[in-house]
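The chains referred to below are lettered A, B, ... by the order of the sequence lines, with proteins before strands, and numbering in each begins at 1.
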Amino acid sequence: MRSAPNPNGPWHIGHARMPAVIGTYKELYDGWFCVRFDDTDPETKRPDLDAYDRILDDIEYLGFEPDAVYRASDRMETYYDHARELTEKGGAYTCSCPQGEFSDMKNSGEACPHRDKDARTTLSEFEAMVDGEYESGEMVLRVRTDIEHKNPALRDWVAFRMIDTPHPREAAEEYRCWPMLDFQSGIDDHLVGVTHIIRGIDLQDSAKRQRFVYDYFDWEYPEVLHWGHVRIDAFDVKMSTSAIKRFIDEGELDGWDDPRAPTVAAFRRRGIRGEAITDAMVGLGTSTSDVDLAMSAVYANNRELVDDDANRYFFVRAGGEDGDDEAVELPVSGDAPGEGTPPVHPEHEDRGRRSIPVDDAVYLEAADLPAEGEKLWLKGYGPVEYAGDELRFTDDDIDVVRDGDADVVHWVPAGDGTVPTRLRTPEGDVSGYAEPAFAGTDADEMVQFVRVGFARVDGHGDGESVAYFAHE
RNA sequence: GCUCCGUUGGUGUAGUACGGCCAAUCAUUUCGGCCUUUCGAGCCGAUGACCUGGGUUCAAAUCCCGGACGGAGCACCA
């Protein structure tokens, strides 16, 4: 099987589907898969030189190692040879009709005057194409299919055309005569031994077009499956490589791994394992109709993968960039203990307990504040009553929680050890305070901010620490 | 306009080739309960679907015909 990306940019999350599915099938059925960069349009789908490696990197992150990697732009001579052979078999002719004129004739089922050309004329004109003797638009090589085919999409399609813009890859910058996808991928699939093709619904007619070429060569066409588009819920940013690129250029996004971007790189930085994405993609199946990928499915997978290792910390959200919803600082009075000792991980008592010193005041999230006179249970610390301007420690036992008289909330001390932290989320940045022990976490570690969600520690800077929010 | 294709709970999926074992699977979501000095975690449970109208048949999610809705192609893009 093969994944044939167009390297015109890093991947958004939808691109993960192909490697996820064929990589999984390969493992399941002891198969083989390659990545082939279909980079045969230096102009309108101009390849991005960085994208080749980034894509391979993304595939590795998703959990797969391709058995082979090809670049179509390295294989031009092969395509030329097959074009010559096809011409000799009577399967192609050069055509200099203006695009619109040909289209009109084709749509009414009429052959253009070039269709009867003999193979020798075509061959010499094709060599001239290869040598770059025509300008863009002057001459194409068409596959001779059936000009009266009932489906107009299949009638005498273009196999090669001239492109004046040089290819960005140095190895391919001299070529001017480029194959179209249907020709190039059709030839390659057979030559590298692809037996099963999965591709998008937009390429439904490709198989039918390519079959004409396969018939000329007397090759057997692979099994082919067309799947629908994936829509991802939960993202405002329009999901297309060019749209994301534009947002980055305009400064709306910080880069390809901005947590607000629906890119593979962003998911990675947020601490979502490739496996979680892969499993969700495989779960979508391969149906022809469009599907919605619920992010909750990816998050649910990731939660399971990550929960066991993610130690718990408290993080009090102070608010977004607009400064609303400030955290509330309240003194603690009464016969209060000097520290809170919640478990590092409730299912792993052996990891011990954190120590959170309480000098005289704590921060709470504004939304957690009860009505005056009501009680709260500060998790890992104890019961308090909200007295309007302070929290009075009470002698209640845990029954106040059982009886529903007090909510259990997280908190951090308002003292020196508290760690100012920025949590970068798909909805934007949230600033806040993490408990002192958070300063001891390592970059790349996954943690769970209790009652907030899972996050990946990005780093601890001078003034603030940064974490990337994964999911609840 | 011409040509393809699809339609199972909120979401995804199994089942549809060979009709009965499907008053429909699994996961997620939502809701409820349980546990834990009491996690937006975990455990348990509940709600919730065969696009529509005809036909064939003892029997239809499954077969046939029509309709609706949705998607795709008809590029010198991939």
Practice problem: Quick one, give me the B/S/- string for nucleotides 27-37 of chain B, reading 5' to 3', where B means a protein heavy atom under 4.0 Å from the base and S means that only happens at the primed atoms, P, OP1 or OP2. | Solution: -SS-------B
Quiz item: In B/S/- notation, 5' to 3', how is nucleotides 72-78 of chain B contacted by protein heavy atoms closer than 4.0 Å?
Solution: SBSSBBB
Whole-Å gap separating [atom2] ([N]) and [atom1] ([X]):
{"X": "A/Ile232", "N": "B/G12", "atom1": "CD1", "atom2": "P", "result": "12 Å"}
{"X": "A/Asp279", "N": "B/U11", "atom1": "CG", "atom2": "C1'", "result": "17 Å"}
{"X": "A/Asp307", "N": "B/C39", "atom1": "CG", "atom2": "P", "result": "13 Å"}
{"X": "A/His226", "N": "B/G70", "atom1": "NE2", "atom2": "P", "result": "23 Å"}
{"X": "A/Lys150", "N": "B/U3", "atom1": "NZ", "atom2": "C1'", "result": "8 Å"}
{"X": "A/Asp368", "N": "B/C39", "atom1": "CG", "atom2": "P", "result": "14 Å"}
{"X": "A/Asp292", "N": "B/A49", "atom1": "CG", "atom2": "P", "result": "19 Å"}

Quiz item: Picking from A/Ile55, A/Leu62, A/Asp58, what satisfies side chain to side chain contact (heavy atoms under 4.5 Å, CB included) with A/Pro19?
Solution: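 The passing option is A/Leu62.
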Quiz prompt | Syn/anti state for B/A61 [syn: chi within 90° of 0] | solution =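 With its glycosidic angle more than 90° from zero, B/A61 counts as anti.
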Quiz item: With a non-hydrogen cut-off below 4.0 angstrom, is A/Glu347 in contact with a base, only sugar-phosphate, or nothing?
Solution: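 Touches a base.
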Quiz item: Are A/Arg46 and A/Asp39 close enough for a salt bridge, meaning some N to O gap below 4.0 Å?
Solution: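 No.
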Practice problem: Write down the distance separating the C1' atoms in B/G9 and B/A49, rounded off to the nearest Å. | Solution: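 These two C1' atoms come out 4 Å apart once rounded.
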Under 3.5 Å: donor-acceptor pair, side chain of [X], backbone of [Y]:
{"X": "A/Glu445", "Y": "A/Val457", "answer": "no"}
{"X": "A/Arg176", "Y": "A/Arg161", "answer": "no"}
{"X": "A/Thr421", "Y": "A/Val419", "answer": "yes"}

Give each protein N/O atom lying under 3.5 Å from an N/O atom of nucleotides 13-17 of chain B, with the pair distance.
from	atom 1	to	atom 2	distance (Å)
B/U13	OP1	A/Leu284	O	3.0

Practice problem: Hey, can you tell me if A/Trp411 and A/Phe314 have their rings parallel, tilted or perpendicular (30° and 60° cut-offs)? | Solution: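 Aromatic pair A/Trp411/A/Phe314 classed tilted.
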Quiz item: Please, what dot-bracket string fits RNA chain B when only Watson-Crick and G-U pairs with both distances under 3.5 Å count, crossing ones use [ ] and pairs to another strand use |?
Solution: (((((((..(((.......[.....))).(((((.......)))))....(((((..]....))))))))))))....
Quiz item: Mind checking what makes side-chain hydrogen bond (donor to acceptor under 3.5 Å, both in side chains) contact with A/Thr24, not counting sequence neighbours?
Solution: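 By the side-chain hydrogen bond (donor to acceptor under 3.5 Å, both in side chains) rule, A/Thr24 matches no residue at all.
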Quiz item: Cation-pi between A/Arg75 and A/Tyr70: NZ/CZ under 6.0 Å from ring centre and within 45° of the ring axis?
Solution: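 Ring-cation test returns yes.
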Quiz item: Relative to A/Tyr214, does A/Arg211 satisfy both conditions: NZ or CZ under 6.0 angstrom from the six-membered ring centre, and within 45 degrees of the ring's axis?
Solution: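 No, a cation-pi geometry is absent between A/Arg211 and A/Tyr214.
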Practice problem: Sort and list the pairs that fulfil side chain to side chain donor-acceptor pair (under 3.5 Å) and have at least one residue in residues 140-150 of chain A, not counting sequence neighbours. | Solution: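 Of all non-adjacent pairs touching residues 140-150 of chain A, those that pass side chain to side chain donor-acceptor pair (under 3.5 Å) are A/Thr145-A/Asp156.
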Quiz prompt | Test side-chain hydrogen bond (donor to acceptor under 3.5 Å, both in side chains) applied to A/Tyr221 and A/Asp215, step by step | solution = CA-CA 9 Å; A/Tyr221 201 78; A/Asp215 285 346; over 6 Å; no
Quiz item: Is there a donor-acceptor contact under 3.5 Å linking the side chains of A/Asp188 and A/Ser185?
Solution: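 A/Ser185 and A/Asp188 do not have a side-chain donor-acceptor pair below 3.5 Å.
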Quiz item: Are A/His410 and A/Glu365 close enough, and set up right, to give a side-chain hydrogen bond (donor to acceptor under 3.5 Å, both in side chains), and what steps lead you there?
Solution: CA-CA 8 Å; A/His410 60 286; A/Glu365 293 196 3; 3.0 Å; yes
Quiz item: With side chains defined as the heavy atoms from C-beta onward, is the minimum distance between A/Asp307 and A/Asn302 less than 4.5 Å?
Solution: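 Not in contact.
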